[in-house]
Amino acid sequence: MTTAGDIMHRGAQWIPAHETLDRAAQLMRELNVGALPISDENERLCGILTDRDIVVGCVAMGHDPAKVTAGEMAKGTPRWIESDADVDDVLTEMRTHQIRRLPVIDDKRLVGMISEADLARHLTGEQIAAFAESVYARSASG
């Protein structure tokens, strides 16, 4: 059985909720990623911040990214998966919630992230095709 831990990108890092968006953008550049999980003061997942969130939700709205925090951008219920979850559960979670990045958690701590690129590297062509059809077909029609 292939698990989330088998396909995840290790070394993911949190951005604390109190950090500003300009610092988040710098960290994204340093790590060469487009999304960061947001942690509360207890290092628990409270959201995910994307580069698009910073641009569309802050800069394009005329707000100063040096004054808006990652926590202020956290919306909705964050989705995550345990590292020992089967890859089919990963695909179901990502499909159901129309998400392209999924934090992987072990013992309530961040241990990795799964992105579409990770799926492409580790899944069969058939699994990728089914995932893409379910995510992008619904997105285009909705």
Side-chain angles (χ1 to χ4, degrees), residues 2-125 127-142:
T2 303
T3 67
D6 295 331
I7 67 170
M8 72 181 184
H9 173 81
R10 296 182 188 284
Q13 291 186 26
W14 299 107
I15 185 81
H18 68 270
E19 285 286 357
T20 58
L21 298 185
D22 62 338
R23 176 62 191 128
Q26 293 164 2
L27 186 56
M28 286 179 187
R29 183 189 63 222
E30 289 167 19
L31 298 173
N32 193 30
V33 298
L36 294 169
I38 304 169
S39 69
D40 65 15
E41 63 278 354
N42 298 314
E43 291 194 2
R44 300 292 196 263
L45 181 67
C46 64
I48 293 188
L49 179 67
T50 67
D51 47 8
R52 186 176 193 283
D53 293 333
I54 295 170
V55 172
V56 174
C58 179
V59 177
M61 299 296 289
H63 302 295
D64 182 352
K67 294 183 179 171
V68 178
T69 66
E72 291 174 83
M73 298 298 291
K75 296 181 181 91
T77 303
R79 308 308 307 179
W80 54 271
I81 198 140
E82 294 278 344
S83 66
D84 62 354
D86 187 81
V87 72
D88 289 332
D89 295 330
V90 171
L91 293 171
T92 298
E93 186 73 13
M94 293 176 81
R95 275 188 209 121
T96 302
H97 299 286
Q98 296 283 291
I99 54 179
R100 291 172 172 83
R101 299 169 181 101
L102 187 63
V104 182
I105 305 291
D106 251 347
D107 195 27
K108 299 182 181 178
R109 299 288 181 227
L110 179 70
V111 294
M113 288 281 281
I114 296 174
S115 68
E116 290 173 311
D118 297 314
L119 295 177
R121 279 191 294 275
H122 295 282
L123 302 181
T124 67
Q127 287 172 308
I128 294 296
F131 173 77
E133 182 178 341
S134 68
V135 170
Y136 295 108
R138 254 195 290 177
S139 301
S141 66

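Everything numeric in this text was worked out from a predicted model, so none of it was measured.
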So which of Val68, Val55, Thr69, Val59 actually passes side-chain contact (heavy atoms from CB on, under 4.5 Å) with Leu21?
Val68
Taking atom CG of Leu36 and atom CG of Leu31, what is their separation to the nearest 0.5 Å?
6.5 Å
Run the side-chain contact (heavy atoms from CB on, under 4.5 Å) test against Cys46 and tell me which residues pass, sequence neighbours left out.
Ala17, Ile38, Asp40
Shortest non-hydrogen pair, Ile54 vs Ala25, comes out as CD1-N, 4.1 Å
Measure the shortest side-chain to side-chain distance between Val56 and Met61 over non-hydrogen atoms and say whether it is less than 4.5 angstrom.
no
Residue pairs passing the salt bridge (Lys or Arg N to Asp or Glu O under 4.0 Å) test with at least one member in residues 5-20, sequence neighbours excluded, are none
Non-hydrogen atoms of Pro16 and Ala70 that approach each other most closely
O-CB, 4.0 Å
Euclidean distance, Asp22 CG relative to Leu27 CG, rounded to 0.5 Å
11.5 Å
Please report the interatomic distance OG1(Thr20) to NZ(Lys67), rounded to the nearest 0.5 Å.
11.5 Å
In this structure, SG of Cys58 is separated from CG of Leu49 (nearest 0.5 Å) by 9.5 Å
Thr3 and Asp84: side-chain donor and acceptor closer than 3.5 Å?
no
Glu82/Asp106 under side-chain contact (heavy atoms from CB on, under 4.5 Å): CA gap, chis, key distance, verdict
CA-CA 6 Å; Glu82 294 278 344; Asp106 251 347; 3.9 Å; yes
Contacts of Glu72 that satisfy salt bridge (Lys or Arg N to Asp or Glu O under 4.0 Å) - sequence neighbours left out:
none
Leu119 and Ile7: which non-hydrogen atoms are nearest, and at how many Å?
CD2-CD1, 3.8 Å
Output all residues satisfying side chain to side chain donor-acceptor pair (under 3.5 Å) with Asp64, sequence neighbours left out; order by chain, then residue number.
none
Identify the two heavy atoms, one from Leu110 and one from Gly112, that lie closest to each other, and give their separation to 0.1 Å.
CD1-O, 3.4 Å
Does Thr92 have any side chain to side chain donor-acceptor pair (under 3.5 Å) partners at least two apart in sequence or in another chain, and if so, which?
none
With Ala130 via side-chain contact (heavy atoms from CB on, under 4.5 Å) - residues at least two apart
Arg95
Look up atom CZ in Arg79 and atom CG in Leu45, then write down how far apart they are to the nearest 0.5 Å.
10.0 Å
Could you walk me through whether Met8 and Val111 pass the side-chain contact (heavy atoms from CB on, under 4.5 Å) test, one step at a time?
CA-CA 9 Å; Met8 72 181 184; Val111 294; 3.9 Å; yes
Applying salt bridge (Lys or Arg N to Asp or Glu O under 4.0 Å), which residue pairs with at least one partner in residues 42-55 are found, sequence neighbours left out?
none
Between Trp14 and Ile105 the two heavy atoms that sit nearest each other are CH2-CD1, 4.4 Å
How would you list, by chain and number, every residue that makes a salt bridge (Lys or Arg N to Asp or Glu O under 4.0 Å) with Glu116, sequence neighbours excluded?
Arg100
To the nearest 0.5 Å, what is the distance between CG on Leu123 and CG on Asp88?
9.0 Å
Any pair counted as salt bridge (Lys or Arg N to Asp or Glu O under 4.0 Å), so long as it reaches residues 29-38, sequence neighbours left out:
Arg23-Glu30
The side chain to side chain donor-acceptor pair (under 3.5 Å) partners of Thr124 (sequence neighbours excluded) come to Gln127
What pairs with Arg109 under side chain to side chain donor-acceptor pair (under 3.5 Å), at least two apart in sequence or on another chain?
none
Who passes salt bridge (Lys or Arg N to Asp or Glu O under 4.0 Å) against Glu41, sequence neighbours left out?
none
